[in-house]
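Before any comments, here is the structure.
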Protein chains: 2
Amino acid sequence: MREFKRKARVILIDDNADHLRGVKELITLESSFDVVGATTSANLGINLIKKHRPEIVLMDINMPEKDGLQAIQEIEKLNFGVKVIALSGYDDADLIFRAMKLGAKGYVLKTMASAQLIYAMDEVASGKIYLPSALTSRFFEYFQNSFKNEAETSSEENLLSYLTSREEEVLDLLTQGNNYKGIANKLFISETTVKTHVNNIFQKLQVNDRTQAVLYALNNGFANKRRAKLAI
Amino acid sequence: MREFKRKARVILIDDNADHLRGVKELITLESSFDVVGATTSANLGINLIKKHRPEIVLMDINMPEKDGLQAIQEIEKLNFGVKVIALSGYDDADLIFRAMKLGAKGYVLKTMASAQLIYAMDEVASGKIYLPSALTSRFFEYFQNSFKNEAETSSEENLLSYLTSREEEVLDLLTQGNNYKGIANKLFISETTVKTHVNNIFQKLQVNDRTQAVLYALNNGFANKRRAKLAI
DNA sequence: CGTTTTCTAAATCCATAGATTTAGAACAAT
DNA sequence: ATTGTTCTAAATCTATGGATTTAGAAAACG
């Protein structure tokens, strides 16, 4: 249990001074977290984080001055392993999505009961990710919608399936920005052979040049994982 | 409350006949759902769905014969508004991610208490998305990890920022698979002017040809939303 | 006002890309 | 055994792509 460990440190960042004070009091009185910093400025907050290296940061993301989302991104870039919980007044799907995408470990509405905030902090402190179920639902609607097109196009007849395995290899190298010579060298075959393969690829994908072939490949699920680094 | 509505219909698909029978009994006895179909075959299940148009489908995704994920995709393609809940023996992050990506409205482990399955069905039937919090956590770890690179590279110095607005237009057309002539026609400028722009783009992006320029653009946040359809 | 940037354009030249045809070898399928 | 597919390769030809230089007009900046 956590009583035996050192109290986890928390830094609060909220441009609303009243809310900041309220949350600070709440945490101090009703939880076993240690508030080591509280500020209304995102920039000051980041400095506090650098100084104190807290386990948890409660970050208001509805700040006008500096965008809270941007602040989350900067905190993540520090790579301190700080766990950021986004605090927001809105259950907007796009906000939730962007906050989670940037690495927030939780998203809590300001209107939620104080016990839920403490619970979220406990969960996040123990390494989990916490999203209230209503927000999880919102998130997934957004998430699934953003993948809808991709799913549809990927289920259409995919011309990529007509490629032979060697042609797939060649196309893979094309999607890394190689020219004929580069491909020939990498596959230990002659340049003219590569040309033959590439021409066959064009026919099968019904495109006119390598750029279109590469675009077709990327738009149709080719090389989804190994989002290739350019071979420049 | 749901008592006043017609009982929501459910179809069960699970290649394990024993488990299938157990779940059917459970739902019949302990919930207000109406099991209108149960089969061990994904293909038969899809036919049942076409016939009965159920509100809910419980789909085992650990089937050897036909992949359950593929079945989900096919069901979503029908566009019947069927709400699929994935049933799985594994809390594997990649499985969860793929199931949700394909449009599953819930993901429940077979090892979970039966009450939780009923709860999930209630939630999903009422239009929400249900993921147990432990799985939500798993999902987000995977999700955030898959966006990590993107966040990092997007915060590196982006050579795209050096492009003039005209060059951005030209690059945009390049990322749609246009050649010089196509770009010239679309921008009402001469082909040689396009060549000048394109050469300047190459210099600024430090690449050697159009394919590499397009790849750089796509990998660095250019045209993120309007995931361009090819101009073939 | 002068300077710089951007957009436009042409000319030239060489390199690469792409189309097309032909063909041998290996292998799988029936 | 024969047919079909895949992978290999070359030759040839034309089209497109890319590098480089030069330059005018317009707009932006200071």
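From a predicted model like this one, the values you see are computed outputs, not experimental measurements.
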*Which part of the nucleic acid, if any, lies within reach of A:Thr192 when heavy atoms closer than 4.0 Å are counted: base, sugar-phosphate only, or nothing?*
base

*Roughly, in whole Å, what's the span from CG in A:Asn199 to C1' in D:dC13?*
13 Å

*5' precedence on DNA chain C between A:Asp209 and B:Ile189 (nearest-nucleotide basis)*: B:Ile189

*Between D:dA15 (P) and B:Lys195 (NZ): distance, integer Å*: 14 Å

_Less than 4.5 Å apart, side chain to side chain, heavy atoms only: is that true for B:Leu171 and B:His197?_
no

*asked:* If the threshold is 4.0 Å, N to carboxylate O, is there a salt bridge linking A:Arg138 and A:Asp92?
replied: no

_Under 4.0 Å between a side-chain nitrogen and a carboxylate oxygen: does that hold for A:Arg210 and B:Asp209?_
no

*Helix axis bend for the helix from C:dC1-D:dG30 to C:dT30-D:dA1 - C1'-based end axes, five pairs, 10° rounding*: 60°

*Rounded to whole angstroms, how far apart are OH on A:Tyr162 and C1' on D:dG4?*
18 Å

_Is there a side-chain contact between A:Glu168 and A:Leu160 in this structure, where contact means two heavy atoms from C-beta onward sitting under 4.5 Å apart?_
no

*asked:* Do B:Thr211 and A:Thr211 pair up side chain to side chain, a donor and an acceptor below 3.5 Å, judged on atom types alone?
replied: yes

*asked:* Without decimals, in angstroms, what is the distance between B:Asn208 CG and D:dT20 P?
replied: 11 Å

_d(CG, A:Asn179; C1', D:dT16) in whole Å_ = 15 Å

*Would you kindly give the NE2-to-P distance between B:His197 and D:dG17, to the nearest whole Å?*
16 Å

*asked:* For chain B and DNA chain C, what are the first and last nucleotides along the strand, 5' to 3', with at least one atom under 4.0 angstrom from a heavy atom of the protein chain?
replied: C:dT6 to C:dA10

*Which comes earlier along DNA chain C counting from the 5' end, the contact point of A:Tyr180 or that of B:Asn200, where each point is its nearest nucleotide?*
B:Asn200

*Would you indicate, yes or no, if D:dC7 has its OP1 or OP2 atom less than 4.0 angstrom from a side-chain nitrogen or oxygen of A:Ser165?*
yes

*Taking the side chain as C-beta and beyond, is there a heavy-atom pair between B:Glu55 and B:Val82 under 4.5 Å?*
no

*B:Thr39 and B:Ser41: side chain donor to acceptor below 3.5 Å*: no

*asked:* Regarding A:Thr193, tell me which of base, sugar-phosphate or nothing describes its non-hydrogen contacts under 4.0 Å with the strands shown.
replied: base

*Measure from CG on B:Leu174 to P on D:dT16 and round the result to the nearest Å.*
16 Å

*asked:* Surrounding NZ of B:Lys24 (heavy atoms of other residues, nucleotides or ligands, distance under 6.0 Å), is the total greater than 12?
replied: no

*Taking atom types as modelled, is there a side-chain donor on B:Tyr90 or B:Asn62 under 3.5 Å from an acceptor on the other?*
no

